[in-house]
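Residues take their numbers from the sequence shown, with the count starting at 1. Order of appearance sets the numbers: ligands from 1, and atoms from 1 within every ligand. Because the structure is a prediction, the values reported are computed rather than measured.
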Amino acid sequence: MYFVPIDQKYYRMPEEELVERIWAAKRQLGDRLVILGHHYQRDEVIQFADYTGDSFKLSQLAAGRKEAEFIIFCGVHFMAESADILSADHQKVILPDLKAGCHMADMAELEDVEECWYDLQSVVGDTVVPITYMNSAADLKAFVGENGGAVCTSSNARAVLEWAFAQKERALFFPDEHLGRNVGYTMGIPLEQMVVWDPRKPLGGNTKEQLRNAQIILWKGHCPVHQLFNEKHIHRLREVFPDIKILVHPECKFEVVKNADYVGSTEYIRKTIEQAEPGSKWAIGTELHLVNRLANQHPDKFIISVDPNQCLCTTMNRIDLQHLAWAIENLAQGRVVNQIVVPKEIARWALVALDRMLAIT
Ligand code: 13P
Ligand code: SF4
């Protein structure tokens with residue numbers, strides 16, 4: 001894959017023209033194209049999505065829409081990679097801006113995870129199942145597939161961990177320490193049996209005894225967006241609005257999740273608000289575009305962010321009208337730009353890990 005820079009003329013076009021051009025190209029491509037949009041995308045982009053969802057729903061959609069020749073993924077790199085792995089060989093997946101990555105996914109690299117894996121084996125032997133969160137590069141998914149593990153998302157992490165514990169005593173969970181800890185705790189695993197593995201320290205910063213005592217080894221990684229929420233925000237909100245309900249994403253820190261009323265994936269958050277009583281009050285701990293969209297879609301409910309400051313995912317928001325217009329117009333003219341292609345040998349094992357997840361849930 002080589003990098004093709006966006007034609008700068010798209011930055012000189014007014015918004016109405018970009019919108020018109022995207023609709024025109026989409027009409028021209030018809031059923032040959034499906035556009036998938038993650039809930040964190042901007043409103044002006046999400047309007048073009050044929051389907052929206054959380055990572056799990058979008059991966060199911062990518063696996064199930066075999067009739068479309070092209071999938072434009074309005075989301076981030078690891079999602080487009082998973083779509084490429086799960087889609088059929090004749091389908092092409094396009095990420096409108098290749099710089100739309102994920103800071104959390106970047107916190108675990110294959111080399112470091114392999115080193116951790118071998119160190120762990122030397123201390124606890126063959127007792128560990130590797131589990132990677134969807135927010136990880138394809139080579140990590142392949143590592144997991146090859147070593148008897150599975151992928152999980154925020155909506156099925158518990159089911160996948162239960163599956164892991166039915167195989168072996170321990171799980172190595174990466175790259176999000178918070179999701180692993182939050183889910184492990186709801187499964188009844190004491191905090192002291194969930195140790196953090198810091199790849200910069202020998203044995204991840206643990207003693208052999210701590211590792212032998214651990215049920216989950218949590219990779220030291222986090223989402224910089226969800227990391228911004230803290231329990232003080234929640235206490236302040238409850239003082240001002242005694243009847244407010246706190247609804248957060250499981251990538252938030254343990255103290256935040258413990259103090260929340262409801263916890264779940266972006267799709268769970270969307271559905272919870274959709275089903276909420278008119279007049280009810282909600283503070284949501286997740287990316288701001290989704291919070292603002294839900295507030296606009298439900299004016300009969302009071303909806304605010306848990307953190308009054310901006311909690312934006314800058315990489316998700318690299319997908320803008322300009323990049324979408326550029327990618328879709330090229331496609332309509334028979335040119336595929338920004339195609340995501342996972343090398344075959346990586347895709348083969350990553351598919352094993354993704355298929356295990358789809359079979360578990
Ligand atoms: P969801 O699977 O809940 O949509 O989460 C994806 C994500 O990146 C959240 O930060
Ligand atoms: Fe990654 Fe966090 Fe952005 Fe989700 S919100 S894509 S975890 S950086």
- Can you list the ligand 2 atoms lying under 4.0 Å from a non-hydrogen atom of Glu251? 7 (S)
- Item | Ring centres under 6.0 angstrom apart (Trp117, Phe174) | no
- Message: Check this for me - ligand 1, Thr266, N or O atoms closer than 3.5 angstrom, yes or no?
- Response: yes
- Which atoms from ligand 2 have a heavy atom of Cys223 less than 4.0 Å away? 2 (Fe), 5 (S), 7 (S)
- Item | Exam field: side chain His90 to backbone Lys66, donor-acceptor pair closer than 3.5 Å | yes
- Message: Under a 4.0 angstrom heavy-atom cut-off, which atoms of ligand 1 come close to His38?
- Response: 1 (P), 4 (O), 6 (C)
- Task: Examine Asp54 against ligand 1 and note whether any of their N/O atoms are separated by less than 3.5 Å.
- Result: no
- Message: Please work out, at 4.0 Å between heavy atoms, whether the side chain, the backbone, both, or neither of Asn135 comes within that distance of ligand 1.
- Response: side chain
- Protein heavy atom at shortest distance from atom 1 (Fe) of ligand 2: Cys102 SG, 2.4 Å
- Task: May I ask you to list the atoms of ligand 2 that are less than 4.0 angstrom from any heavy atom of Cys313?
- Result: 3 (Fe), 5 (S), 6 (S), 8 (S)
- Nearest non-hydrogen protein atom, atom 7 (S) of ligand 2: Asn135 ND2, 3.2 Å
- Task: Give the numbers and elements of all ligand 2 atoms closer than 4.0 Å to a heavy atom of His103.
- Result: 8 (S)
- Message: Quick check: Thr153 and ligand 1, any N/O pair under 3.5 Å apart?
- Response: no
- Query: Going by the order shown, which atoms of ligand 1 are within less than 4.0 Å of some heavy atom of Ser55?
  - Reply: 1 (P), 2 (O), 4 (O), 5 (O), 6 (C)
- Query: Do Asn156 side-chain atoms and Cys152 backbone N/O form a donor-acceptor pair below 3.5 Å?
  - Reply: no
- ligand 1 versus Tyr268, non-hydrogen atoms closer than 4.0 Å: side chain, backbone, both, neither? neither
- Task: Please could you name the atoms of ligand 1 that Glu251 approaches to less than 4.0 Å, counting only its heavy atoms?
- Result: 7 (C), 8 (O), 9 (C), 10 (O)
- Task: Verify, without hydrogens or angle tests, whether Arg270 (side chain) and Leu294 (backbone) share a donor-acceptor contact under 3.5 angstrom.
- Result: no
- Message: Distance under 4.0 Å to a non-hydrogen atom of His249: what atoms of ligand 1 satisfy this?
- Response: 1 (P), 3 (O), 5 (O), 9 (C)
- Between His226 and ligand 1, which part of the residue brings a heavy atom under 4.0 Å of the ligand: side chain, backbone, both or neither? side chain
- Query: Does CD belonging to Glu277 count more than 12 external heavy atoms closer than 6.0 Å?
  - Reply: no
- Message: Suppose I only count heavy atoms of Ser265 and a 4.0 Å limit; which atoms of ligand 1 are within that range?
- Response: 3 (O)
